[in-house]
Amino acid sequence: MAEAIMNARGKPNFIAYSAGSHPTGIVRPEALKQIEMADWPTTGLRSKSWEEFAKPDAPKLDFVFTVCDSAAKEVCPIWPGQPLSAHWGVPDPAAVQGTEKEVQRAFNNAFYMLQRRIELFLSLPLKSIDSVALHRQDSTALQKEIDNIGRQ
């Protein structure tokens, strides 16, 4: 869902990719429903491993956000180019056991939490920061702002 939200909200300044440490091979229909309800395209969305983005020929990443609550406990790959990264933990809606309504509510909550955080991220003065500065040690103020978004 984060990929669809960022690609819809961050266009044309950002291209987002979503991946996981243990992809299931399918995009959950509940996630697709949330995206479709926002009237955003679902074409091309697929379940993929984050290893795809740790390869030397992967797309250049300026930012990496881990969003699954359990991802905070995992060792992430070393991302080429050393992008700024933060953990924006969101309860995994795919882990919810319950009625169809309870599961859909979990996906709805995750969608709106991710959307809010992405909108906060996009409100940062990112246009005034050149891509070289993003990868230098003096980006600590921006890093603090990005980390704080994950706490909201």
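The first residue in the sequence is number 1, and the count goes up from there.
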When you measure from the side chain of Glu119 to the backbone of Leu114, do you find a donor-acceptor pair of N or O atoms at a distance under 3.5 Å?
no
Backbone of Arg46 reached by a side-chain donor or acceptor of Lys48 within 3.5 Å:
yes
Rounded distance (nearest 0.5 Å) linking atom OG1 of Thr66 with atom NE2 of His87
5.0 Å
Heavy-atom check, side chain of Phe63 versus side chain of Leu142, under 4.5 Å
yes
Name the atoms and distances for all side-chain donor-acceptor pairs under 3.5 Å in residues 30-38, with sequence neighbours left out.
from  : atom 1 : to     : atom 2 : distance (Å)
Glu30 : OE1    : Arg28  : NE     : 2.9
Glu30 : OE1    : Arg28  : NH2    : 3.3
Glu30 : OE2    : Arg28  : NH2    : 3.2
Gln34 : OE1    : Gln104 : NE2    : 3.0
Gln34 : NE2    : Asn108 : OD1    : 3.4

Just verifying a value: how many Å separate Met113 CE and Ile5 CD1, rounded to the nearest 0.5 Å?
11.5 Å
Check: Asp147 side chain, Ala86 main-chain N or O, donor-acceptor pair, under 3.5 Å:
no
State the CD1-NZ distance between Ile149 and Lys144, to the nearest 0.5 angstrom.
15.0 Å
Run the side-chain contact (heavy atoms from CB on, under 4.5 Å) test against Thr24 and tell me which residues pass, sequence neighbours left out.
Ile26, Ser47
Under the salt bridge (charged side-chain N to carboxylate O under 4.0 Å, His left out) rule, collect the residues that match up with Glu51, sequence neighbours excluded.
none
Distance col, row Ile118:CD1 vs Glu3:CD, nearest 0.5 angstrom, shows 10.5 Å
Quick one: does Val96's side chain get under 4.5 Å of Phe107's, heavy atoms only?
no
Kindly compute the distance separating CG (Asp57) from CD (Glu52), expressed to the nearest 0.5 Å.
9.5 Å
Identify the two heavy atoms, one from Ala4 and one from Leu45, that lie closest to each other, and give their separation to 0.1 Å.
CB-CD1, 4.4 Å
Apply the test side-chain contact (heavy atoms from CB on, under 4.5 Å) to residues Asn7 and Trp40: give CA-CA distance (whole Å), side-chain angles for both, the deciding distance (0.1 Å), then the verdict.
CA-CA 9 Å; Asn7 283 332; Trp40 296 333; over 6 Å; no
Closest non-hydrogen contact found for Ala110 with Pro93 is CB-CG, 3.9 Å
Taking ring pair (Phe, Tyr, Trp, His ring centres under 6.0 Å) as the definition, give me every residue that meets it alongside Phe65, ordered by chain and number, with sequence neighbours left out.
Trp88, Phe121
Are there over 12 heavy-atom neighbours, none belonging to Leu122, within less than 6.0 Å of that residue's CG?
yes
What's the spacing between Lys55 NZ and Trp79 CH2 if we round to 0.5 Å?
12.0 Å
Identify the two heavy atoms, one from Ala94 and one from Asp92, that lie closest to each other, and give their separation to 0.1 Å.
N-OD1, 3.0 Å
With sequence neighbours excluded, what pairs up with Tyr112 under the ring pair (Phe, Tyr, Trp, His ring centres under 6.0 Å) test?
none
Any non-hydrogen side-chain atom of Leu124 less than 4.5 Å from a side-chain atom of Ile146?
yes
According to salt bridge (charged side-chain N to carboxylate O under 4.0 Å, His left out), who are the partners of Glu102, at least two apart in sequence or on a separate chain?
none
Are the side chains of Val67 and Met1 in contact, using a 4.5 Å heavy-atom criterion?
no
